[in-house]
Amino acid sequence: MKKVSSVAVSSQIFQNVLYRQGYRIVGANAHSAVKICQWTKESLRNNRVCYKELWYPPVESHRCMMMTPYLGCNLHCLHCWRLHSGDRPGLTWREFPLEIEDFDEPAQIIDEAIRQRRLLLSGWKGNPKVDKRKFEEALTPTMMTMSLTGEPTLYPMISDMVYEAEKRGMITFLVTNGTMPKVLEKMDNLPFQLYVSILAPNRKDYIRLARPLIKDAWERLNMALELLPSLETRKVLRLTMIKGWNMTHHEDYAKIVEKAQPDFIEVKAYEWVGESQKRLPKSAMPCMSDIERFAERISMLTGYTIRGRYEPSGAVLLTK
């Protein structure tokens, strides 16, 4: 009888956890996943939309497919909602780099993600609260957001994935932790909108909060920030705010903005959800007034103007 390793068992347990949380694993090699975004549900059920629909046309919340091509990450951020290897006693697996021999092709991943998303949405058809027109539209996504879990730029065919999404009539949003600058530099097909997540204004706080699995994560992030001005696409810095942890050193954040020259800055509150509840206290979640004060200070230091506020997501938008 073939012996099954404890790592393989843990990996299967991890996939089972994801399934119970509403994820669906995509592809033959099980390194991709799709899930229905909470704001897709809100748009269908209550006609409430994500701030991205309000701030970044032509986004439509009900037609956004939230997915990831890589179910692993090179960071173990304290604020992350996902389950990390080692979070639970006896549950460890190799999540970076993933233990797979071959990666699935982008076309295969996207087509199966669309199919799995339709299956997840099918139960909403009979819900009397659901807008019927929106439901039918939702079955055909017009946007693919690569930010569900893990780090998407670790998927080696990320540029081709953008191309395949565009072939299917979808714009793409790519959210990255910025630790793979060479990948971004070599992308022939850039996403419609590129997010870089900023967790801290200096190396010391970054290491404490991001808990990187690679030695040079902070240096790589800064390489990505220096690269951003040369990338011809819509660029956003997302400053994830954790009260009592990273809401100081405003001048250092301003230097990051000056280096990256993004089109937009999002100042966004950490949300006390998922596995992060075991790592951080509830008091680490800022209230909207905390976010607004921080954004006002960043605005004064950078010259970026506050253009939007969205309390349901604890977010403030700044633009050039």
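Keep in mind that this is a model prediction, so the values were computed, not measured.
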Quiz item: Do the two ring centres, one from Tyr56 and one from Phe264, sit under 6.0 Å apart?
Solution: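 Yes.
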Quiz item: Is the distance between the ring centroids of His31 and Tyr155 under 6.0 Å?
Solution: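 Yes; Tyr155 has its ring centre under 6.0 Å from that of His31.
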Between [Y] and [X], is there a salt bridge with N-O shorter than 4.0 Å?
X	Y	answer
Asp87	Arg279	yes
Arg63	Glu53	no
Glu164	Arg168	yes

Nearest atoms (heavy-atom pairs only) where [X] meets [Y]:
X	Y	answer
Ile291	Val267	CG2-O, 3.4 Å
Leu139	Pro141	O-CD, 3.4 Å
Pro181	Leu227	O-CD2, 3.5 Å
Ile110	Ala165	CD1-N, 3.6 Å

Is the closest side-chain donor-acceptor distance between [X] and [Y] under 3.5 Å?
X	Y	answer
Gln116	Arg24	no
Asn222	Glu226	no
Asn74	Thr179	yes
Tyr23	Gln15	no
His84	Glu95	no
Asn47	Lys134	yes

Measuring from [X]:[atom1] to [Y]:[atom2], what's the distance to the nearest 0.5 Å?
X	Y	atom1	atom2	answer
Tyr270	Met247	OH	CE	13.5 Å
Leu221	Thr176	CG	OG1	9.0 Å
Gln261	Leu225	CD	CG	11.5 Å

Please check this pair: side chain of [X] against backbone of [Y], looking for a donor-acceptor N/O pair closer than 3.5 Å.
X	Y	answer
Ser61	Cys50	yes
Glu42	Val49	no
Asp290	Cys287	yes
Arg82	His76	no
Asn189	Val162	no
Arg238	Val175	no
Asp263	Lys235	yes
Thr68	Thr149	yes
Thr233	Phe192	yes
Asp104	Ala28	yes

Self-check item: From CA spacing to verdict: side chain to side chain donor-acceptor pair (under 3.5 Å), Thr319, Arg307
Solution: CA-CA 7 Å; Thr319 66; Arg307 297 292 188 189; 3.1 Å; yes
Quiz item: So which of Met66, Met161, Met65 actually passes side chain to side chain contact (heavy atoms under 4.5 Å, CB included) with Met146?
Solution: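 Result for side chain to side chain contact (heavy atoms under 4.5 Å, CB included) with Met146: Met161.
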Greater than 12 external heavy atoms within 6.0 Å of [X]'s [atom1]:
X	atom1	value
Lys255	NZ	no
Trp55	CH2	yes
Lys259	NZ	yes
Tyr163	OH	no

Quiz item: Does the side chain to side chain donor-acceptor pair (under 3.5 Å) test come out yes or no for Lys243 and Ser283, once each step is laid out?
Solution: CA-CA 7 Å; Lys243 192 170 184 178; Ser283 59; over 6 Å; no
Practice problem: Determine the interplanar angle of the Phe294 and His250 rings, folded into 0 to 90°, and report it as parallel if under 30°, tilted if 30 to 60°, perpendicular if over 60°. | Solution: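 Plane angle between 30° and 60°, so tilted.
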